[in-house]
Amino acid sequence: MNDKLTTENELKTELINLSAILGLPKGTEVFVSDIHGEYDEFAHIMRNGSGNTKQKIAELFTGRLSSVSQKKLAFLIYYPSEILKRTKKTITNKDDLTQWYMDTFNNLIEMLRYTANKYTRSKVRKTLDPEFVYVTEELLYADNNAETKQLSYQNILDGIIDLKMADDFIIATCHSIQRLVVDHVHVIGDIYDRGPHPDFVIEHLARHWQSFDFQWGNHDILWMGSLAGSKLCMLNLLRICARYDNLTILQDAYGIDLQKMIDFSLKNYHSQTAFLPKSDTGKKISAAQVEIDSCVQQAAAIMQFKLEGQTIKRHPEFDMDDRLLLEKIDFKHQTIKLKNHNYSLQDGCFQLVDQDNPYQLTANEEKIIDYLMEQFSASEKLQRHINYLVDNGSMYLKYNGNLLLHGCVPVDSEGNLLSLEIHNHHYFGHALFDYFDGIIRQALKNQQPNQNVDMIWYLWTGKLSPLFGKDQMTTFERYFIADKQTHLEVLNPYYSLRQEEWFADKLLQDFGLENGHIINGHTPVKVGESPIMANGKIFVIDGGMSKPYHKTTGIGGYTLLSNSYGLQLVTHEPFTTRDKAIKEMTDVVSTKRVIEQAVSRKRVAQTDVGEKLKQQRKELLEQLARIK
């Protein structure tokens, strides 16, 4: 009987707990896209909760703290370690520093309490540093109206200072506030690209956020494909790194030895204008590094074009015969015939191309590629990061009624879903995404060669790739042909049709959704264009974090916020540097725009998590009925 009562009570307690959670306000989701390895800007947006932290400080402290003091508190929460160092250099008097600590403790605990008020104690506890969890909870839930509690509260603060734990406690509390301001992070593609620290981005998410997801982008695919065994993905990746003077991401971050490739490149090629590296930061590149970057680009490009020819011939279903370019070259006159028109070739570097068998690698090229593939496979850090992307990511995601995808859904000019035929099976719409999702997982988990890795490369460059979304990739033409008409890459009609509400409805229906939104990345919104399309059903939030995009967009990109009150689009100013942001206390958030307001505050019960909790509650009620 006692066991029965205990079981009943446990079930009833859990039912009460679930009901309480279902009634809480929905947590804040932040949507970011196209980080492109720009860690400092990404980290700043995450630290400030896409502007949420500053807003909550204003709600809580306006009338009690000046605007300057509010800004100082905000930057302490964003960058606690750095601000602490600066503060201790400024405040040298011990009593003044003790007072600063006391004021800061009180403000941070109040801020922590305010950001925690829509979560259960259990969830809040998970965000706290384990070393300070009990101390923080005593402060957080203290009743300051009771005299004994006031004394206890003061003793705790005194003890933290006396035991020289103040700095660590402040840092831990600030990190907890960051995690509570944002409940869930969606990264809609392209952690990787030309930026210097995609590895930092992944480490930051793994270390600081418990709830997040990735939708893979086209640049992510190159790294995933390289680890899966795609030589073509690897060569594209290497060429792009050399193009943007970013070989260090391979060498320093992931420990990949490029010396044999560099030696081979310098031996067989020389610096050429079309292959000069670009610097997004304006940093001057040394003459020696220019030579390396230029020659590595050429070597990688020629090997890439050769392997592309082999792959296209192996897969007629790719419908890419128009990209069989090496065989169209007149090597004697250094011209190429494209669409019945002859073009002169500039900066040609075809000395290792066999005119009779242009797609055949030389013996040394094969050795270099094999060695590089071994290096990628041997990088434990790269394996960990890519597996992290796979385990926490997908080609698309349906979340709380919204459809998240990086690129596009391939369609024709009438909006009909285009079909890719593979082994007599036709894949289109959501089925096309599901097919590629399965291919990626099989290739990375089972290391299956050829067919799967060729399909991953197709995702990078194929005309029906949901991550590419263009009719062709004109890398060859951009290097070797001056006529810019040949450089044209025509966007899939998806990108013009997404202005239409009927089109958004059609796509949502294909993915099994109603009344939601499509949230896109991949294409930066140009100056004067709106990121809100299809009568508010499609949002394009290319983060614009790569500095070259700032000229195109005029801003530092967008993020999207979804909270219990509705949707907000956040426009960011271009980010300069982390040091400058801290020194001058310059935030990157410029404006917030409410684009959809909930009639009544949205609760956990109305989310995907809520549906799972309701199912758990149903099962517990059934179990309780059986016991009775």
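As the structure is a prediction and not an experimental result, all values here were calculated from the model.
The salt bridge (charged side-chain N to carboxylate O under 4.0 Å, His left out) search around Lys367 returns none, not counting sequence neighbours. With sequence neighbours excluded, the residues forming a side-chain hydrogen bond (donor to acceptor under 3.5 Å, both in side chains) with Asp391 are Lys445, listed by chain and number. Contacts of Asp245 classified as salt bridge (charged side-chain N to carboxylate O under 4.0 Å, His left out), with partners at least two apart in sequence or in another chain: Lys283. Under the rule for a ring-ring contact (aromatic ring centres under 6.0 Å, His included), the partners of Phe200 that lie at least two apart in sequence or sit in another chain are Tyr39, His197. Under the salt bridge (charged side-chain N to carboxylate O under 4.0 Å, His left out) criterion, Asp257 pairs with no residue at all, not counting sequence neighbours. Residues forming a salt bridge (charged side-chain N to carboxylate O under 4.0 Å, His left out) with Arg323 (at least two apart in sequence, or on another chain): Glu477. By the ring-ring contact (aromatic ring centres under 6.0 Å, His included) test, Tyr388 pairs with Phe212, sequence neighbours left out. Evaluation of the ring-ring contact (aromatic ring centres under 6.0 Å, His included) rule for Phe350 yields Phe480 as partners, not counting sequence neighbours. Partners of Tyr494 under the ring-ring contact (aromatic ring centres under 6.0 Å, His included) rule, at least two apart in sequence or in another chain, are Phe503.
A salt bridge links Glu489 and Arg478; the closest N-O separation between the charged side-chain nitrogens and carboxylate oxygens is under 4.0 Å. A salt bridge links Arg384 with Glu203: the closest approach of a Lys/Arg side-chain nitrogen to an acidic carboxylate oxygen falls below 4.0 angstrom. A salt bridge between Arg441 and Asp437 is present, with a side-chain N of the basic residue lying under 4.0 Å from a carboxylate O of the acidic one.
For the pair Leu235 and Ile369, the tightest heavy-atom approach, listed with the atom from each and the gap, is CD1-CD1, 4.0 Å.
Listed by first and then second residue, the salt bridge (Lys or Arg N to Asp or Glu O under 4.0 Å) pairs involving residues 417-434 amount to none (not counting sequence neighbours). The list of side chain to side chain donor-acceptor pair (under 3.5 Å) pairs with a residue in residues 340-351, not counting sequence neighbours, is empty. Among residues at least two apart or in separate chains, ring-ring contact (aromatic ring centres under 6.0 Å, His included) pairs with a member in residues 237-263 are Trp223-Tyr254, Tyr254-His385.
Aromatic rings of Phe433 and Phe511 (six-membered ring for Trp) have centroids within the 6.0 Å cut-off, being under it. Ring centers of His517 and Phe539: under 6.0 Å apart, within the cut-off. Taking the ring centroids of Tyr399 and His184, they lie under the 6.0 Å cut-off. Taking the six-membered ring where the residue is Trp, the centroids of Tyr192 and His219 are separated by 6.0 Å or more.
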Problem - Working for side chain to side chain donor-acceptor pair (under 3.5 Å), residues Asp263 and Gln259 - result: CA-CA 6 Å; Asp263 292 343; Gln259 195 57 52; 2.9 Å; yes

Practice task
Please lay out, stage by stage, how Arg498 and Thr523 fare under the test side chain to side chain donor-acceptor pair (under 3.5 Å).
Solution key: CA-CA 12 Å; Arg498 66 182 178 183; Thr523 51; 2.8 Å; yes

Handout entry: Residues Leu444, Ile456; criterion side chain to side chain contact (heavy atoms under 4.5 Å, CB included); working and verdict
Key = CA-CA 11 Å; Leu444 280 160; Ile456 295 176; 5.7 Å; no

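Within a 6.0 Å sphere centred on CD of Gln509, other residues, nucleotides and ligands contribute 12 heavy atoms or fewer.
Counted by atom type alone, Gln383 and Ser379 present zero donor-acceptor pairs between their side chains at under 3.5 Å.
In this structure the side chain of Cys349 reaches within 4.5 angstrom of the side chain of Phe275, judged on heavy atoms. Side-chain atoms of Thr475 and Phe305, non-hydrogen and from C-beta on, do get closer than 4.5 Å to each other. Side-chain contact check for Arg194 versus Cys241: every heavy-atom pair is 4.5 Å or farther apart.
Taken to the nearest 0.5 Å, the SG atom of Cys233 stands 9.0 Å off from the CH2 atom of Trp460.
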